[in-house]
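Structure record follows, encoded as C-alpha cells.
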Amino acid sequence: MTDMPDVSGRDRSIRCRELVRIFTADDVEVQALQGLDLDVASGELVALVGASGSGKSTLLGILSALDRPTAGSATVAGVDLTTMNRRTRLQYHRRVVGFVWQQTERNLVPYLTIADNVLLAMQLGRTPDRSARLGELVDLLELGDVLDRRPGDVSGGQRQRAAVAVGLANDPAVLLADEPTGELDEATSTRLLETLRTVNRETGTTTLIVTHDAAVSDHVGRTVRIRDGRTATETLRSTAGTTGDAREYALVDRAGRLQLPREYVDRLGLQDRVRLALRSDHVGVYRGDHDQPTTNDRTEHDDA
Ligand code: ADP
Ligand code: MG
C-alpha cells in the first residue's frame with residue numbers, strides 16, 4: 001500500500017469477500033462473521049439489517065479499520081483493509097471513513113459545543129477551510145440553532161444530526177452508521193433517515209446504515225439482510241421513501257448456496273433436507289418429507 005487514494009476521486013465503494021471474524025474469549029470461539037460478501041457501489045446508500053448478534057457491529061469495526069478480519073478481504077475506497085500499516089490506518093481514519101457510532105457518547109465530546117465538536121473533528125482530520133466547511137455542514141444538517149449548545153442540552157434528533165456532521169466533517173468517501181436511530185422515537189428516526197438520504201444524494205458519500213430496525217428499509221434503495229454473520233437476502237426498492245414496489249432477492253454465492261428467508265422456512269416447515277425441482281425458469285423448493293411428488297412436479301418444463 002503506497003499513497004492513499006484521492007478521496008474526491010471516483011472510488012468510494014465497499015467490497016467484502018468471504019469475511020470471517022472469530023472472537024476467542026475464555027476458550028470459547030464466537031464466529032461473528034462467517035464468510036460475509038458485500039458490495040456497495042460508489043455513492044450508494046444501503047441499509048444492512050439483522051437481528052442483534054448477527055455481526056453488524058463486527059463488520060463496521062472491520063470497515064472502520066479498528067479491527068481486522070480473521071480471514072477474507074475488505075476494500076473501502078480502494079484501500080485494502082487487511083494489509084494496512086499504521087500510517088495508512090491513521091490517514092484512513094482522517095480522510096476516508098466517517099463514523100456515527102452506536103454509543104452516542106462516542107460521537108460527541110460532552111463538554112464541547114456542537115460547533116466545537118465538528119471543528120475538533122476537522123482539526124484532527126487536517127481539513128483546511130474549517131469555518132467554511134462548518135457552514136456547509138450546518139446547512140446540510142440544519143444545526144444552526146444548536147451550534148453553541150452542548151450535546152447534553154439538545155434533543156436526541158439534534159444530537160444524532162450533530163453526530164452525522166462530525167462523521168462527515170472531513171468529507172469522507174464512506175460514512176458508516178451503527179444503529180443511528182437506536183435511541184430515537186419513530187418520528188425522529190424517520191427525520192434522521194431522510195436527512196441521511198439527503199446528505200447521500202447531495203454529497204455522494206457512500207453510506208452504510210447498520211440496524212436491527214427493518215423499517216429503515218423504507219428509506220433506502222437497497223437493504224441487505226445479515227443473518228449469522230452472512231449476508232442472506234436483499235430488498236431493492238425502485239423508489240426509496242415509499243413502501244411499495246419492493247422486490248426480495250436472495251444472494252447466491254459462488255458455490256451456489258443461498259439462504260432462504262426465515263419466514264419461508266417457518267411457513268412451509270422446511271428443515272434438514274428439502275427437495276429441489278428444476279423448472280424452465282425457476283427452481284422449486286419442497287419439504288423433504290413429502291415422498292410422493294405432486295402432479296405439478298412431473299416434468300421439468302410443465303409449469304402451467
Ligand atoms: P450486532 O452488532 O449485529 O448485534 P455484533 O457484531 O456486536 O452483533 O456481535 C456478533 C457476535 O459476536 C455476537 O455473538 C457477539 O457476542 C460476538 N462478539 C462481538 N464482539 C466480540 C468480542 N470482542 N469478543 C467476543 N465476542 C464478540
Ligand atoms: Mg451492534
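In this text the structure is predicted, and so the values were computed from the model without any measurement. When a ligand or atom number is given, it counts from 1 through the structure's own listing order. The residues of the chain are indexed from 1 along the displayed sequence.
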(request) Report the residue from R87, H93, R94 that forms a side chain to side chain contact (heavy atoms under 4.5 Å, CB included) with L90. (result) R94
(message) Which of the protein's N, O or S atoms come within less than 2.8 Å of the Mg ion (ligand 2), not counting waters?
(response) S57 OG
(request) Please round to the nearest 0.5 Å and tell me the distance separating atom OG1 of T206 and atom CG of N200. (result) 7.5 Å
(request) Go through R17 and D39 one step at a time and tell me if the salt bridge (charged side-chain N to carboxylate O under 4.0 Å, His left out) criterion holds. (result) CA-CA 9 Å; R17 285 292 173 276; D39 277 291; 2.7 Å; yes
(message) Out of the candidates E186, Q160, E142, only one should pair with R191 under the side-chain hydrogen bond (donor to acceptor under 3.5 Å, both in side chains) rule; please name it.
(response) E142
(message) Tell me the closest heavy-atom pair linking P69 and T82, and the distance in Å.
(response) CG-CG2, 3.6 Å
(request) Mind checking the CD-CZ spacing from E202 to R197? Nearest 0.5 Å is all I need. (result) 12.0 Å
(message) Given a heavy-atom cut-off of 4.0 Å, could you list the residues near ligand 1 in chain and number order?
(response) F23, V30, A32, A51, S52, G53, S54, G55, K56, S57, T58
(request) Nearest 0.5 Å please: distance from the OG1 atom of T205 over to the CG atom of L175. (result) 7.0 Å
(message) Any heavy-atom pair between the side chains of L134 and M122 that's under 4.5 Å?
(response) yes
(request) Treat each ILVMFWY residue as a node, draw an edge where side-chain heavy atoms are under 4.5 Å apart, and state whether L108 and L140 are in one component. (result) yes
